[in-house]
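Report on one structure; see the data block that follows.
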Amino acid sequence: MCPHQPRYIWHLSVLLLFVVFATGCAEGPMPRTAWFNPWTRQQWEEDEKFGPTYYAKVEELTKIRKAAASYPPAERQRLALLLAGRLREEQSRVMREELTRTLCAFPDQAAEDALIASANDQDGVVRRVACEGLALRSTPAAMETLARAVGSDSELEVRMAAARSLRNYKDPVAVNALGAALEENNSGLQFVAMDSLQATTGKNYGTSVSAWKEYLQGGNPSPPPPPSIAVQLQDWLWW
């Protein structure tokens with residue numbers, strides 16, 4: 001028997017319980033604050049007689065993503081399919097976030113497809129986590145998803161996460177999406193886009209928006225002088 005089999009079977013069994021008892025996870029506007037409510041804790045203890053509660057689910061998902069790299073490929077793929085299926089049916093936004101975060105640890109196609117779908121989730125945090133998970137996928141579908149998010153997502157944090165993830169894609173699609181972000185009137189997004197452009201193009205025009213624009217339009221601008229220590233400190237504190 002594979003040395004990881006017992007742990008895998010345990011994780012799989014708990015995940016199947018998630019599927020059966022998925023409706024048992026209530027959430028309010030601040031679900032994590034329920035931890036401090038003694039009455040809620042008592043209710044959880046009662047609920048756990050019938051199925052896993054929110055915190056039990058989160059704890060098990062955390063274990064699954066930490067162990068994902070150790071699973072044999074076939075078992076890992078099966079677990080990724082189960083997680084992706086659970087994510088499609090999940091109504092709780094916080095559980096969708098946790099499921100998406102867990103799928104980030106799986107390199108399988110089912111996980112990538114689920115992350116691409118989560119990049120269109122109605123909740124901004126879920127979309128941001130999905131963009132972070134697509135950073136190392138290195139596929140055209142993942143890159144195009146990130147490029148769309150940079151240009152069209154309704155939340156700035158999601159657009160910045162997508163722009164940051166595009167640094168790993170040395171492709172014209174990524175470069176064009178990052179170049180378009182420089183046209184935005186937001187210094188934070190511009191800063192992330194320029195940082196990613198350094199990785200995707202191998203060029204270094206620092207934080208000079210004008211130099212980057214000139215380069216992307218086919219020019220050959222001179223690299224800007226190195227920033228002063230004061231500016232470097234300011235950038236570090238901002239970051």
Could you go through Arg128 and Glu132, starting from their C-alpha distance and side-chain angles, then the distance that decides it, and tell me whether this counts as salt bridge (Lys or Arg N to Asp or Glu O under 4.0 Å)?
CA-CA 6 Å; Arg128 175 178 57 77; Glu132 293 169 351; 3.0 Å; yes
Scanning both residues in full, the closest heavy-atom pair of Leu103 with Arg137 reads O-NH2, 3.3 Å
Going hydrophobic residue to hydrophobic residue with side-chain gaps under 4.5 angstrom, can you get from Tyr169 over to Leu216?
yes
Output every pair passing ring-ring contact (aromatic ring centres under 6.0 Å, His included) with a member in residues 72-93, not counting sequence neighbours, ordered by first then second residue.
none
Pair Leu87-Thr102, side chain to side chain contact (heavy atoms under 4.5 Å, CB included): steps then yes or no:
CA-CA 10 Å; Leu87 177 58; Thr102 302; over 6 Å; no
Which heavy atom of Lys203 sits nearest to which heavy atom of Trp212, and what is that distance?
O-CH2, 3.5 Å
Closest heavy-atom pair and its distance - Ala111, Phe106
CB-O, 3.3 Å
Separation of Leu189 CG from Leu156 CG (nearest 0.5 Å)
6.0 Å
So if you build clusters from Ile, Leu, Val, Met, Phe, Trp, Tyr with side-chain heavy-atom gaps below 4.5 Å, do Val129 and Ile116 land together?
no
Check the pair Glu98, Ser92 against side chain to side chain contact (heavy atoms under 4.5 Å, CB included), reporting the backbone distance first and the verdict last.
CA-CA 10 Å; Glu98 292 298 330; Ser92 164; over 6 Å; no
In terms of heavy-atom contacts, Ser165 and Ala135 come closest through OG-CB, 3.5 Å
Between the main-chain N or O of Gln91 and the side-chain N or O of Arg96, is there a donor-acceptor pair closer than 3.5 Å?
yes
Can you confirm whether the side chains of Asn186 and Gln190 place a donor and an acceptor under 3.5 Å from each other?
no
Within the distance-only criterion (no hydrogens, no angle test), does the side chain of Ser196 pair as donor or acceptor with the backbone N or O of Leu166 below 3.5 angstrom?
no
Single-linkage hydrophobic cluster Val158~Leu146, side-chain heavy atoms < 4.5 angstrom
no
Might you point out which heavy atoms bring Ala174 and Met143 nearest each other, and give the distance in Å?
N-SD, 4.1 Å
Would you sort out whether Arg93 and Glu97 count as a side chain to side chain contact (heavy atoms under 4.5 Å, CB included), showing the intermediate values?
CA-CA 6 Å; Arg93 62 180 178 82; Glu97 175 190 343; 5.7 Å; no
Exam field: side chain Ser118 to backbone Asp121, donor-acceptor pair closer than 3.5 Å
no
Determine which pairs satisfy salt bridge (Lys or Arg N to Asp or Glu O under 4.0 Å) with at least one residue from residues 210-222, sequence neighbours left out, and list them in order.
Glu183-Lys213
Check whether any side-chain heavy atom of Met95 lies under 4.5 Å from a side-chain heavy atom of Lys57, and answer yes or no.
yes
Which heavy atom in Ala211 sits nearest to a heavy atom in Pro221, and how many Å separate them?
O-CG, 3.4 Å
Which residues share a ring pair (Phe, Tyr, Trp, His ring centres under 6.0 Å) with Tyr215, sequence neighbours left out:
Tyr205
Rounding to 0.5 Å, atoms CG (Leu197) and CG (Asn204) come to a distance of 11.0 Å
Quick one: pull up OG1 in Thr145 and CG in Leu115 and give me the separation to the nearest 0.5 Å.
9.5 Å
Can you get from Val175 to Val173 by hopping between Ile, Leu, Val, Met, Phe, Trp and Tyr side chains that sit under 4.5 Å apart?
yes
For Glu90 and Leu99, what are the C-alpha separation, side-chain angles and deciding distance, and is it a side chain to side chain contact (heavy atoms under 4.5 Å, CB included)?
CA-CA 9 Å; Glu90 184 58 61; Leu99 285 162; 4.1 Å; yes
